[in-house]
Structure formats: C-alpha cells, structure tokens
Amino acid sequence: MQDAQPKTIYLKDYQVPDYLVDNTDLHFELEPKATLVKSQLKIRRNPEAGKDLPPLLLDGIDLELLSVAIDGSILSQPTYQVTPQGLSISVEKPEFLLEIHNRINPEDNTSLEGLYLSNDMYCTQCEAEGFRKITFYPDRPDVMSKFTTTIVSPKDHPVLLSNGNQIDSGYCEDGRHFATWEDPFVKPAYLFALVAGDLQHVEDTFTTGSGREVKLQIFTEPKNIGKCDHAMRSLKKAMRWDEEMYGREYDLDIFMVVAVDHFNMGAMENKGLNIFNSACVLASPETATDSAFQRIESIVGHEYFHNWSGNRVTCRDWFQLSLKEGFTVFRDAEFSADMNSRAVKRIEDVSLLRTNQFAEDAGPMAHPVRPDSYMEISNFYTLTVYEKGAEVVRMLHTLLGPEGFRKGSDLYFERHDGCAVTCDDFIVAMEDANQINLTQFRHWYSQAGTPVLDVTDDFDQAKGVYSLKISQSCPSTTDQKDKLPLHIPVKIGLLDQSGNDCVLNSKGNTEEVLEITKSDQVFEFSGFQEKPLPSLLRDFSAPVRVRYPYTEKQLIFLMRHDSDTFNRWDASQRLAFLALSKLQKDYRNGRALQLQPELVEAYRDVLSNTALDPALVAEILRLPSEQSIAEMSDLIDAEAIVVAREFAYKSLAEALFPELWAKYSELNAQKPYDPNAKDIAERSLKNTCLTYLAATEKFEALELVQKQFEAAENMTDSAASLSALINYGDMQKSDSAIQDFYQHWKGDTQVVELWLGLQSSSARNGTLNKIKDLMGHPAFEVRNPNKVRAVIGGFANRNFKQFHKEDGSGFRFVAEQVILLDKLNPQIAARLVVPITRWKKYSKNLSEKMKAALQHVLDAGELSPDVFEVVSKSLK
Ligand code: PHE
Ligand code: ZN
C-alpha cells in the first residue's frame, strides 16, 4: 500500500543495469504460510555501465529476509540494508556469488502476483514486477539470466513444474519430494514460473519442421481433465502456423500449459510453462460457448507465439511492452483469421478497438503505444498497448506487403535473438530489410490519440477526373497537446453506379493503399464517366476515424455492394448510428420516436441475403452497442442512448418478426455440436434472431426461447436462451430458469462464471439489488478475479443501462467495491474503476455523480499505487 504519493517513472530516465546476473539458481521449500526461498545469483558488473562498484540494488516486496551472503560469507548490516522497496548491498569486487534466503507467504497472497495458492495449487505470476515478491532480484526485463529451479514439497503436491527441462527428481530424507528444472535459454525474471499441485495432464506430441519431437502437456485439477482437448488442438495448429508464416520453430523438448482458477489476466507466456486462466484454456462442447472456443484458440496461439515475440526477443524496459504485445496480438489475430472467418475476426477486433481503445485515447489515462511515463506498470496493460499496438504492426504489414514484412521479421529475430530490445529496434529491422525510411511512421509509437481523417471529394465531369481530398488531424490528449502528422496507409476502392469496383490505375488494380503523410493531400483518379462512390479505409487499414458525409442512401448502397466485407459492415454501423442519433434527438425534443423505414428495409435485405456469411449477417443485425454509440458521441447522454437503442431494437424486431422467425427455424437444425467456423456462424445468426424475437416480448417468442432453453445441447444455445429469458422473460420464468441452470451446472466453475455474468449484465430494473444478493451467493468469491469480473465488471462494462442510472447508484456501488478490492488485489481494483473515470464525456448529472464516486475512492485513503494512479489522474 501507498506510503507517500507513488513515484512517476520516465522512459527518458532509462539506464542500463549496473549489474548482470549470469546464473540464477533457485531453491523452494513449499509451505502454504512459510515458503523458504534460497537463491544463488552469479553476479557481474555490467561493463556497459562503468568500472566503479556502486551498491547492488535488488527489488523485493513483502519478503522476510533471513540471510545474505557473498562468496560464502554471511553479511551483516550495514554491508546490506533493507529498504521498503528491496535490498541495497555494498560491493567490493566486479564478480561474485550472492546467496539470499528469504521467506514468503503464498496462502495470504491475494494480489495473485509472485507465488500464490489457487485452490490448492501453488503457482506464480511474475510479469511485470511480480518476481520481486518471490525473492530479492534485479527485477527488470533487461537482466537476462539462465535459471535452474529446485522445488521441494510434501507429497500431497505430486506435480512439480518449472521452466525448461526436468533434470532431476526424487525423495528427501524427511519424506518430501523434489524436482529440479533447468532452462537452457536466458530469460528475464518476469518469465519465471513454478507450479506445484495435485494435477493431471493430457499429453500429445508435435514434430517440428526440422523433425524434432516436442512433448506437449496440459495440466489441470483432476476434475477438469476432460476439458483440455480443444486447447491441445489449438496449440498444435499454432505451432504449425508459426512455422509456416514466420519460419519459427519451437525450441525446447517440452511445452507445458497449466490451468489455474485464480488469475489476474488471460494467460502468461512463461518460457516452456505457460500459465492460463482456466477460462482461457478449458472447454468442452457441453460447457463452453462458441466464443469461449474461439477465445481459447486465440489465447493459446498468443501465448505460444510469445515464445519468439517476447521470450527469445524480449523488452528492454516496460515502456517497450507493445514490442512484444502489439506484435503478438497481430500474430494471434492473423492466426485466428486463418483458422476461422477472416472478415468476422476483423470486425470483432475493430469493434473492440473503436469502442474501448478510442475511449482510452479520449480519456484521462490516454497514452501512446509506447508510454513515456507511468506510476504503476500494471495499469499499462491496456487496449492501447495491445490492440492499437497490433494495428500499428498491421499498418507496417500493409505498407511493406507480406514479403517485405516477413523479411523484416526474419531480420528482427535474427538480429535480436536472446536480447532485450526496443520498439525502435523492431522498426529499424523493418527499415533495413526493406530499405525504406519509417521516420514519420515512428510517431505512431510516441503519439497518443485517435487521428481523424476528413475526406471530401470532387468530380470533374469534363476531364473524367475524380479527386479525393484527405486531411488528417489528431485531437489533443490529456498527456500531449500538439500532434504531428502521421504516416497513414488508407486502403480504398471506388464503386461505380452498379456497385462494381472501378479500375484505379494503369496496373488495373481495383484497390489502392494511399499513403497519407501530410496534413492535407489530394489524390486523383482518371478515366471516369460518372462520379464513383468511395469505399474508404477498407479492412480498417489504420486505427483512425474517417469522416465523410455519406448519405443514408449511399450507406445502404455500400452495405449491398462493397466488395470489402469489412466496409459493408462498417456502412451498416454508420447507418445505424445516424438513425440512433436522430432517435436520441427526437427523444430529447419530446418528439414521437419513429424508426426510418429505409433502415428497416436495409436490415430486411441483409437478413434475406443468403450469399452473405451468416456470422456477418449477425454482426450487421446486432446494432452498435450502447458503449460504442457512447464512444461516437461528443457528449454522452446515457439515458437517450438507452431509449433510442431499445426503441430501434424493438422496432426492428417487430417489423421483421416473420423473417426473424423463419431464419431462426431454418438455422435451428439439430446436429451434433462442432465449433467450426460454419456452425459457429449459423449459431450466431440463429441466436441473434432469437434475441430479437424475445425483445418483442410476444407470447410465442418467449415460448420459443423457453423451448430452446430446455432443449439446448450446447452452451452457446443454452446461454443465449437463458440471457433472453433474463432480459425479456416474465419474472417468474426467468427466476426459475436461473435456478435450474445453477442447479445443473454448479459443479462447473466456467459455467458458473458465465451464469454470474449473464445476471449482472441484465438490463432489467432491479439488477443492482440482484447483484448485491449474488455477492452473498456461494458461487461468488471475492478473491477470484473471474467471479469479480463476471459480477462487478459485467455490471460496469456490459450493463450500460443499469450502471448509468441517473441517481448515480451504479457508480457508487462500483466505487465501494473498488475500495474493498484494493485491499485484496490492486490490479483488479484498478481495472474495475476505469468505467467511472470517463466522467468528462458525460452530460451534467452523470458527470457529477461519476466524479463524486471517484472522489469517494480517493478520500478512502491508503490506496494502492495502482488505484491511486488511475483515480488521481482522472480527477485532474
Ligand atoms: N503477458 C501476458 C500476455 O499478454 C499478459 C499478462 C500480463 C499476464 C501481466 C499476467 C500479468 O500474454
Ligand atoms: Zn501477450
């Protein structure tokens, strides 16, 4: 907890480490409340840092120091000194062996950083700065060392795992047993991992391109052993894909994955021993939804891909986090696109970016992809670093083309293998491999904010010349006022009046990437008889907003004809947004609400278009979420957004009732469950239809929902119908469905999490009180982040209506929970507070109430640096 105001750390202050650690030998004797850690570090003065011998500073938090020795002699104070942040040791020679003994308490570690217990399993989480909660160490990513780890434990924890290869194991005289692991690759401490428990595993093998056999193991608690197959299949696909697309082979003889129930994030790429949040690895057809299946495939891929983009080549300092995360998210997105529907994957990713990352840019914690300062690094595992960072890498891919990009990545891996490097090193590799200059492109790493492209066009009938004028600008962000023009790839096409793509240049291309580098640029296209319609920013080729004065007619035309699937969807979003804005205005002006008939017809058209991928149809039909409407608004009028969207949704449902019913019936085929792209697409559209039908609250529609709920043989159908009952069913039926579902699934942690989330995101009045009751339910566990995220996070992030109640009750509730949670798990608390930090964008009443809730958190005092940073910055 906070002693004084936490310190701000700046990128510009970076200095190379004073000392290096060539070898790290760790010895653990596991006990729930008193684990003994002995470490032997072979330390050497860093020649790059100088020749003098400054004190050796080691990080260490919540550690009980037992002894310190150098080259076998025990030290006494003041040769070493304990500080609140660690240990300072006087040094007399440039090379020595340091031996430290300390004790830690895994059982009471609720922060889930360092070594902790999940159910009865010991596990570690060291990124970013968790290793310092295990032992005293230079806990920074540019100190890379060879690790050997011995774990000693009572036999009730038979499985003992760490990074690399097991080189020894056996029994101790006192009846305990041990295992020793050696990782031949150098790594920073954040990639260290240890697991000990009563675990079972599934096993498989993978033969690499060069013919080496790798053993693959997935470990879980015994009750979950039947839920590992999908992750195993995903892992093997990912390993093959990385060989084919990037020429990267796996490098150890064994690759292990462990599922744990208590985890702050999705998963962690520890060398050779990935640790996963159970929700991101365990699945069976009966218990997991389609989106869970897809999430698992992408996260298994993501963590595996880190073996090269993150582990073999790692970050010099935490400001460079996007070096590994942006690149790896790009890699996993392409992997998922190749395994499933590319267009739908792109739409999902862009929706997330536009709804949440754009909001980050517009909010109090705005920061560039490479931040230049932080108080608490855990707060910077953000959508900007991950998702916008991935978009920046994608733009490089667009600018260089697939071959150029591959040449760049090959050079990057070759040059920096075994090193801790910077985002700039990545760019330099791309430049050198392609002999181009990316000086201006680099601003994407240093400049926060969402750029805006204002596009206008003109047609010279006499000359047959069509011109596009594109101006770029970027609004100020809280961290930076003035912005420089960026290098932006804008992929475009031009449609003729029958909806076909026009030829754009002498090469006969119908698509072109315009490179925007100046504030204003004009691009001309010749040989036209009639004015074409522009399809701008195809495939979302840059993370920007595009403003072009499309009419509703033009948008409907693009929805029908654009050859770029992404832009078809985007046109539907723009169209819906126009309609919803108008409804909001009418509501505020006391006018009767009416949905434009053109919108209804456009939706009818999409629903009946059998040439479209059903998943895409579902994406188009679903209407923008309240959150994304909010993000597109200059001033958020939450109540009007809710009224407008509910009205539009219900009106569409009523107008299209027969078509929705027919589509539902057509797709409701009873076939065995398989999470392949085609079936997932059909279920997605089917359940979208079902939810629309339910929104009419007609008797026969609710009967249909009830029927699906009772007959469902997979979790996708089951959850969709339960959600429809919760939101639209009559109270009694809804309550009994909730109870039945729980009785059936209470033994399954992942399903219970889903069940909690469906209830907390119910738009029904009274949900907040139900949530308070749920927190007393045996299924809720305040120390389990997944449950907290399902209940409190579900409310704050996925229940726009109830969270934004005009009386401020939603904000106050979340603020109270943040204060309580901060004592247990600061990282989780700091994430939960984010939805109330965007108060400046809301209309007066809500804005004041949010601000008061934030002030309440600040006034609680004794905040962690995590929560303090977010709250104090957002109150400025
Ligand atoms: N490095 C992990 C990933 O993105 C995320 C993570 C960060 C997990 C911090 C735990 C703690 O793959
Ligand atoms: Zn990652």
Side-chain angles (χ1 to χ4, degrees), residues 109 111-116 118 123-134 139-141 163 187-195 231 234-235 238 242 255 257-281 295-315 317-336 349 352 369 371 374 376-390 393 420 423 426 785-786 789 825-831 866:
N109 181 354
S111 70
L112 313 188
E113 265 190 307
L115 179 68
Y116 63 93
S118 171
C123 60
T124 53
Q125 174 50 46
C126 296
E127 187 179 2
E129 299 183 332
F131 195 76
R132 64 190 62 186
K133 292 184 155 190
I134 294 175
D139 188 7
R140 44 187 288 168
N163 318 82
K187 66 167 177 285
Y190 84 87
L191 291 171
F192 169 78
L194 174 161
V195 167
S234 304
L235 174 60
D242 211 17
F255 185 82
V257 167
V258 183
V260 303
D261 280 349
H262 299 72
F263 204 73
N264 283 344
M265 309 276 275
M268 180 63 209
E269 69 264 23
N270 316 300
K271 182 80 189 187
L273 179 55
N274 287 185
I275 297 181
F276 273 65
N277 186 325
S278 298
C280 299
V281 57
R295 178 175 71 229
I296 289 165
E297 182 180 78
S298 86
I299 299 181
V300 167
H302 179 98
E303 305 312 329
Y304 174 74
F305 301 142
H306 267 317
N307 190 55
W308 277 96
S309 50
N311 301 0
R312 292 285 288 252
V313 183
T314 192
C315 302
D317 54 75
W318 291 120
F319 297 102
Q320 318 297 329
L321 182 57
S322 197
L323 172 78
K324 73 178 178 81
E325 296 304 346
F327 188 21
T328 305
V329 171
F330 172 69
R331 277 150 60 68
D332 86 54
E334 285 297 296
F335 168 62
S336 294
D349 289 350
L352 177 74
V369 167
Y374 59 76
E376 173 51 61
I377 185 58
S378 302
N379 286 330
F380 287 79
Y381 284 75
T382 58
L383 288 142
T384 301
V385 167
Y386 274 66
E387 308 302 323
K388 185 176 180 182
V393 175
C423 297
F426 182 77
N786 288 3
R789 275 187 285 252
N825 189 328
Q827 287 184 18
I828 297 298
R831 276 174 191 266
D866 308 59

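In what follows, every heavy atom counts, from backbone to side chain, and hydrogens, waters and symmetry copies are set aside. As the structure lists them, so they are numbered: ligands from 1, and atoms in each ligand from 1.
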(message) Quiz question: by atom type and distance under 3.5 Å, do the side chains of Glu127 and Tyr381 form a donor-acceptor pair?
(response) yes

(request) May I ask you to check if any N/O/S atom from Glu325 comes under 2.8 Å of the Zn ion (ligand 2)? (result) yes

(message) On a heavy-atom basis, which atom in Phe380 and which in Val385 lie closest, and how many Å separate them?
(response) O-CG2, 3.4 Å

(request) Do me a favour and list the nearest non-hydrogen protein atom to atom 5 (C) of ligand 1 with residue, atom name and distance? (result) Tyr386 OH, 3.3 Å

(message) Using every non-hydrogen atom in the two residues, find where Pro785 and Asn264 come nearest and quote the distance to one decimal.
(response) CG-OD1, 3.6 Å

(request) Heavy atoms only: give me the nearest Met265-Arg789 pair and the separation to one decimal. (result) O-NH2, 4.2 Å

(message) Suppose I only count heavy atoms of Ala267 and a 4.0 Å limit; which atoms of ligand 1 are within that range?
(response) 2 (C), 3 (C), 5 (C), 6 (C), 8 (C), 12 (O)

(message) Taking 4.0 angstrom as the limit and counting only heavy atoms of His302, give me the atoms of ligand 1 inside it, by number and element.
(response) 3 (C), 4 (O), 12 (O)

(request) Mark up the atoms of ligand 1 that fall under 4.0 Å of a heavy atom belonging to Lys324, in ascending order. (result) 1 (N)

(message) With heavy-atom distances below 4.0 Å as the criterion, list the atoms of ligand 1 near Glu303.
(response) 3 (C), 12 (O)

(message) Taking 4.0 angstrom as the limit and counting only heavy atoms of Glu325, give me the atoms of ligand 1 inside it, by number and element.
(response) 1 (N), 2 (C), 3 (C), 4 (O)

(message) For Cys123 versus Val260, what's the shortest heavy-atom pair and its separation?
(response) SG-CG1, 4.0 Å

(request) Identify, for atom 11 (C) of ligand 1, the protein heavy atom at the shortest distance, and state residue, atom and that distance. (result) Gln125 NE2, 3.2 Å

(message) I need the NE2(His306)-the Zn ion (ligand 2)-NE2(His302) angle, rounded to 10 degrees.
(response) 100°

(message) For Lys324 versus Gly310, what's the shortest heavy-atom pair and its separation?
(response) CB-CA, 3.7 Å

(request) Quick one: look up the protein heavy atom nearest atom 1 (N) of ligand 1 and list residue, atom name and how far away it is. (result) Glu127 OE1, 2.6 Å

(request) With heavy atoms of Glu269 as the reference, note each atom of ligand 1 found under 4.0 Å away. (result) 1 (N), 2 (C), 3 (C), 12 (O)

(message) How close do Asp261 and Ser278 get, counting heavy atoms only, and between which atoms?
(response) OD1-OG, 2.6 Å

(request) Mark yes or no: Arg331 above the aromatic ring of Phe335, with NZ or CZ under 6.0 Å from the six-membered ring centre and no more than 45 degrees from the axis. (result) no

